[in-house]
There are 2 protein chains.
Amino acid sequence: MSLTLADAIERHILAQLAVAGEIAVQRVELARQYGCAPSQINYVLATRFTPERGFLTESRRGGGGYIRVRRAAQPELSRIAAALRAQPDGIAQAPAHALIARCRDAGLLTGREAAMLQALTRREAIGLPLPARDVVRARCLASALLALSDEG
Amino acid sequence: MSLTLADAIERHILAQLAVAGEIAVQRVELARQYGCAPSQINYVLATRFTPERGFLTESRRGGGGYIRVRRAAQPELSRIAAALRAQPDGIAQAPAHALIARCRDAGLLTGREAAMLQALTRREAIGLPLPARDVVRARCLASALLALSDEG
DNA sequence: AAGGTTTCTGACTTTCCCTGACCTTATTAT
DNA sequence: ATAATAAGGTCAGGGAAAGTCAGAAACCTT
């Protein structure tokens, strides 16, 4: 039952999210509150607020920098993206197109979005020899679906 | 939500543009309003009002000098796709993302479509070494945009 | 106790913002 | 014409963030 620093920071962010739906902090400031190194914040974000768990983070460096965290609007797409990522051999064209069609039929993608994704996952569009082609196809498709999980 | 000086000036110019379609200012005067160095205005123009983002700027020095900013003509998806295909070296990430953002701002892409395209043209999404990465990025992006131009 | 996993830090890197000193160009006064 | 003045342009560099990553430290598991 030991509550680690990472757990405490996780709870803090979750509590803020519950209240506001979105949290924007300065990394150095949050680290100061918890008396830890700034990179600890990155650790918490990397291990607990991942896309697979349905979170999205963005940040900006330099003067006026910040870190923002929010919940994914479409966690289903996050899950599909994570599953694709977990395929070491990537995905062939036919199953990829079928997957896209299912997402469209399920209302997760518009017709335009589906058409676009099918076009750019075609063999000729990627234009690499196997097996690299299937790997790149899976990575690109996963990234695209993950991005959509945000965009409501 | 720290709003930097550069952000504030950007908004100011955008607001003026929205009203008038074109803005003409004196650099030193705008700098005075914001209490900053004149060269800060150049920084804002150079980082935010670039041709890649769809803006055109012209200026004149000397007495009665000015800086003028306006929006560039709207691009067209099929033309962009063709231009991309004609690039033998492909396209790097930064210009690709700027291109996508510009299409979105011009109403040619929805926010979701743009987010997807930016995500899947990221370095890590493609995951190949250069120069292959830039080539694949261009091919995929061209295929996607072309599909959309058909799709209406 | 050994071995593995998770947590945490510090040094270094990258990105972004902003300024000041100096340069170029156009207009106006002499 | 020439000099003075009134603009804008350029660039190196400093400072303010956040990111990265190897490795130490702490914590489990067996």
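For clarity, every value in this text was computed on a predicted model and none was experimentally measured. Just so we're on the same page: letters track the sequence lines, and every chain starts at 1.
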*When hydrophobic residues are tied together by side-chain contacts of less than 4.5 Å, even through go-betweens, does A:Ile23 share a cluster with A:Tyr66?*
no

_For atom CD1 of B:Ile67 and atom P of D:dT10, their distance in whole Å_ = 10 Å

*asked:* Just to be sure I understand the rule, does B:Ile41 reach a base, reach only the sugar-phosphate, or reach nothing, if contact means heavy atoms closer than 4.0 Å?
replied: nothing

*Can you figure out which of C:dC18, D:dA17, C:dT9 approaches the side chain of A:Cys36 most closely?*
C:dT9

*asked:* What's the separation between atom CZ in A:Phe49 and atom CZ in A:Arg70, rounded to the nearest 0.5 Å?
replied: 14.0 Å

*Mind checking A:Gly65 for me? I need base, sugar-phosphate or nothing, with any heavy atom below 4.0 Å counting as a touch.*
sugar-phosphate

*asked:* At 4.0 Å (heavy atoms only), tell me whether A:Gly62 reaches a base, stays on the sugar-phosphate, or touches nothing.
replied: base

*Give the nucleotide from the list D:dG8, C:dC17, D:dA18 with an atom nearest to the side chain of B:Asp7.*
C:dC17

*Below 4.0 angstrom, N of the basic side chain to O of the carboxylate: do A:Arg79 and A:Glu76 qualify?*
no

_Rounded distance (Å) that lies between atom P of C:dC8 and atom CG of A:Leu30_ = 13 Å

*Write down the distance between CZ (B:Arg27) and P (C:dA26), rounded to a whole number of angstrom.*
15 Å

_Interatomic distance where OH belongs to B:Tyr66 and C1' belongs to D:dG9 [whole Å]_ = 15 Å

_Nucleotide nearest B:Arg61 when distance is taken to its side chain, options C:dC18, C:dC8, D:dG8_ = D:dG8

_Phosphate-side-chain proximity, B:Ser39 and D:dC11, N/O vs OP1/OP2 below 4.0 Å_ = no

_Residue-phosphate contact under 4.0 Å: B:Tyr43 side-chain N/O, C:dC17 OP1/OP2_ = yes

_Measure CD/A:Gln40 against C1'/D:dA22 and give the value in whole Å, please._
16 Å

*For C:dC17, take OP1 and OP2 only and decide whether either is under 4.0 Å from a side-chain N or O of B:Arg48.*
yes

_Nucleotide of D:dA7, C:dC8, D:dG19 approaching A:Asn42 most closely (side-chain heavy atoms)_ = D:dG19

*Contact under 4.0 Å: A:Arg60 side-chain N or O vs C:dC17 OP1/OP2*: yes

*Separation of D:dG8 C1' from B:Arg32 CZ (nearest whole Å)*: 17 Å

*Would B:Asn42 and B:Ser39 count as having a side-chain donor-acceptor pair, cut-off 3.5 Å?*
no

*asked:* Salt bridge check, B:Glu52 against B:Arg102: does any charged N sit closer than 4.0 Å to a carboxylate O?
replied: no

*Check whether any side-chain nitrogen or oxygen of A:Gln26 sits under 4.0 Å from OP1 or OP2 of D:dA17, and answer yes or no.*
yes

*If you check every side-chain atom of A:Ala37, which of C:dT19, C:dT9, D:dA18 has the closest atom?*
C:dT9

